[in-house]
Amino acid sequence: MYRALVIDDEPRACHVLEILAGKYLPEITAFKTALSPQEGISLIRSFKPHLVFLDVEMPVLNGFDVLNAIDTWGASRWDFDVIFTTAYHQFALQAIKVSALDYLLKPIDIDELRIAFDKFLRRQPQPIPPGVLIKNLVHNLKTPNPSQHKLPIPTTEGMHLLTIADIIRCEADNNYTFFYLSGNRRFCASKTLKEFETMLREHDFVRVHKSHLVNLQFVEQIDRDGTVQLTNGTAIRMSRRIRQSFFSKPG
């Protein structure tokens, strides 16, 4: 049903992933491996995979160089999804997370592999081409200031790319999240607040209440009663648990 390609310069890593996919991902009916980025780029053209397992660290060209090379083909060629694989925790992984893409840490855990693949299945078919997310990642990797990275949020109108520095706060509404931005803009995303918290926690966003995630760059003051005053005039009351933890910190 699905064609998968792994691009990794380590033959053992390719072999292990092929075995795991054959045993635990029965939805994959065709599987190929590439031991160099150049071979991988060629196979993307000829094999036309639905999913690419892409190693981040490779000699000569790394995984992101592969994406940059494909980016020159034009938007029509972004017809595959990507799951990154890496042995290291790196700054680049934060850009991957913010871009709403998946990654697996080596050695690959079977459960994590299945979870990542199930996410891929839930996105199929999708109105937003996978290339939108991947091209956004390419943009984020080329942008040295993390606050200028763009966060993709799915809405009923389609995918919006929001600059992180413009997000004042996020508010939960059951399985949806409202984004409040500078310029009195508001968007409703069809994902939970917890998912966005995972993406944004390393960008100075703090969960001050089970329903509220705020950008510290927009906090004007925090009152002794735990009320967070934002620069746009919004006041949010911290939950009791977070308030106790916050005010018990040294300093």
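Nothing here was measured: the structure is a model prediction, and the numbers come from that model.
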Tracing side-chain links under 4.5 Å among I, L, V, M, F, W and Y, which residues wind up in one group with Y180?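 Members other than Y180 - counting any ILVMFWY side chain reachable under 4.5 Å - are F178.
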Please, which pairs that meet salt bridge (charged side-chain N to carboxylate O under 4.0 Å, His left out) have at least one residue in [range], sequence neighbours excluded?
range	value
residues 205-215	E197-R207
residues 151-167	D166-R185
residues 93-111	D8-K106, D55-K106, K97-E202, D102-K119, D102-R123
residues 169-179	R169-E171

Between the main-chain N or O of K194 and the side-chain N or O of T198, is there a donor-acceptor pair closer than 3.5 Å? yes
Residue list, side chain to side chain donor-acceptor pair (under 3.5 Å) with [X], at least two apart or on another chain:
X	result
S190	none
E10	none
T177	none
N232	T234

Taken to the nearest 0.5 Å, the spacing of N140 CG from L151 CG works out to 9.0 Å
To the nearest 0.5 Å, tell me how far K135 NZ sits from K150 NZ. 13.5 Å
Inter- and intrachain pairs under ring pair (Phe, Tyr, Trp, His ring centres under 6.0 Å), touching residues 150-171, at least two apart: H160-F187
Can you list every ring pair (Phe, Tyr, Trp, His ring centres under 6.0 Å) pair that touches residues 195-217, not counting sequence neighbours? F179-F196, H209-H212
Please list, one pair per line, the donor and acceptor atoms closer than 3.5 Å that link side chains of residues 26-37 to other protein atoms, with sequence neighbours excluded.
residue	atom	partner	partner atom	Å
E27	OE1	R114	NH1	3.3
E27	OE2	R114	NH2	3.0
T29	OG1	M1	N	2.6
S36	OG	E39	N	3.0

